[in-house]
Amino acid sequence: MLHDFITSRRLVVLLATLSVVALVLVGRWLNATKIGGQGPAEPFRIAGNFYYVGATDASAFLITGPEGHVVLDGGYPTTARLIMASIAKLGFDIKDVKVLLNSEPHPDHGGGLAVLQQASGAQLWASDASADSLASGGDDPDGFLPLRALTWIGVLGYPPPRVDHRFKDGDTIRVGPIVLTAHVTGGHTRGCTSWSFSVRDGDRLLNVVSACDLGVLASSRYPEQAADRERSIRVLRGLRADIWVTCHARWWGRYRKFVASAAAKNPVEPFIDPDGYRAYLDAAEVELRQGRVH
Ligand SMILES: [Zn+2]
């Protein structure tokens with residue numbers, strides 16, 4: 001009797017685990033295949049030495065310089081090969097990528113970093129909170145426990161990259177003449193990092209902001225989250241963004257701007273979008289006030 005009871009309990013636990021695994025796998029599959037996911041996308045110059053090398057939706061950027069290049073974000077583990085193909089298509093060598101950066105360590109942005117690191121030998125820089133998560137292969141300490149458990153057993157998560165350096169809010173990362181400022185703008189995750197830097201277009205210098213995801217996932221919550229988001233929105237409002245991007249390409253209008261750029265007299269012009277940047281922050285603020293989660 002007791003034996004039967006234990007056996008049926010085990011069966012229930014097993015079935016529950018299997019259904020969670022199945023749900024997650026179906027979710028990942030949908031995420032990977034749906035339009036706006038991680039399909040191949042044409043790489044292109046945004047402005048000056050700043051290029052798009054990401055997928056249809058999972059953003060990745062290349063910033064080139066005479067002493068080595070920088071890649072920001074790695075997409076999913078399977079996006080890395082698209083990113084490498086894009087870098088090659090633009091005429092650059094993955095081996096010249098010296099620094100890897102990350103917006104946030106969820107699998108859609110941190111997943112491919114290990115592959116990129118292996119191919120390039122580049123050094124990865126991360127904020128303290130992101131560093132821990134990246135180095136663990138995507139464990140989110142604020143994540144929903146069943147999802148964390150799936151990361152621990154290797155169903156979710158990704159090959160862990162080696163984190164070589166940690167930075168603090170306001171630090172600058174330099175590769176020759178390339179200078180990027182890190183803004184730790186937590187909320188989506190604790191260590192989410194926005195980046196600002198300038199690019200040259202002819203005789204003008206344009207400011208670029210790569211802004212963090214400012215939304216909240218129901219599966220990733222922490223007590224100081226609302227205060228972090230409040231602060232992050234304020235910090236980002238204080239940055240001048242002639243050009244802005246974020247980790248999901250559909251949010252900053254990758255395709256629309258790419259198409260407009262191909263037809264424009266100055267191909268940089270369609271990427272100059274301070275109004276879009278303000279609208280992104282306004283929408284994030286509305287979400288925060290309404291307490292919306294994703
Ligand atoms: Zn995320």
Side-chain angles (χ1 to χ4, degrees), residues 23-24 27-32 34 36-38 54-61 71-80 83 100-114 116 124 126-148 150-151 155-161 163 182-195 209-226 228-229 231-233 235-236 244-252 254 280-281 283-284 287-288 291-294:
L23 269 176
V24 168
R28 289 177 86 187
W29 179 77
L30 284 173
N31 220 345
K34 72 181 176 195
Q38 56 158 340
T56 42
D57 186 51
S59 291
F61 304 95
V71 167
L72 167 59
D73 277 342
Y76 293 93
T78 46
T79 317
I83 295 173
L100 292 174
L101 302 174
N102 171 239
S103 57
E104 51 106 351
H106 285 155
D108 43 351
H109 314 294
L113 290 173
L116 294 177
L124 171 61
S127 67
D128 279 326
S130 291
D132 293 337
S133 198
L134 288 166
S136 70
D139 182 27
D140 177 355
D142 303 305
F144 182 48
L145 197 62
L147 291 181
R148 295 191 68 190
L150 289 171
T151 305
V155 175
L156 288 176
Y158 48 79
V163 179
H183 308 273
V184 180
T185 42
H188 180 73
T189 62
R190 287 176 194 262
C192 194
T193 309
S194 299
W195 296 93
V209 175
S210 167
C212 265
D213 185 340
L214 295 163
V216 160
L217 298 178
S219 56
S220 183
R221 306 299 308 267
Y222 64 93
E224 309 84 355
Q225 204 158 27
D228 275 2
R229 289 166 79 200
R231 180 190 163 276
S232 295
I233 292 169
V235 166
L236 289 169
W244 76 285
V245 294
T246 184
C247 58
H248 288 281
R250 62 181 187 272
W251 296 347
W252 56 270
R254 171 194 67 88
Y280 175 69
L281 298 179
E287 270 199 7
L288 173 62
R292 271 188 60 200
V293 294
H294 295 269

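We count ligands from 1, going down the list as the structure has it; atoms in each ligand are counted the same way. Bear in mind the structure is a predicted one, so any value in this text is a computation, not a measurement.
Nearest heavy-atom pair, P77 versus P107, reported as atom, atom and distance to 0.1 Å: CD-O, 4.2 Å.
Taking backbone and side chain together, H106 holds an N, O or S atom under 2.8 Å from the Zn ion (ligand 1). Residue contacts to the Zn ion (ligand 1): H188 brings an N, O or S atom closer than 2.8 Å.
In this structure, the side chain of D73 does not engage the main chain of G75 through any donor-acceptor pair within 3.5 Å. Checked by atom type and distance alone, the side chain of S103 never pairs as donor or acceptor with a backbone atom of C212 at under 3.5 Å.
For E104, the N, O or S atom closest to the Zn ion (ligand 1) goes by the atom name OE2.
Just one of T193, L134, V163 meets the side chain to side chain contact (heavy atoms under 4.5 Å, CB included) condition when paired with N102; it is L134.
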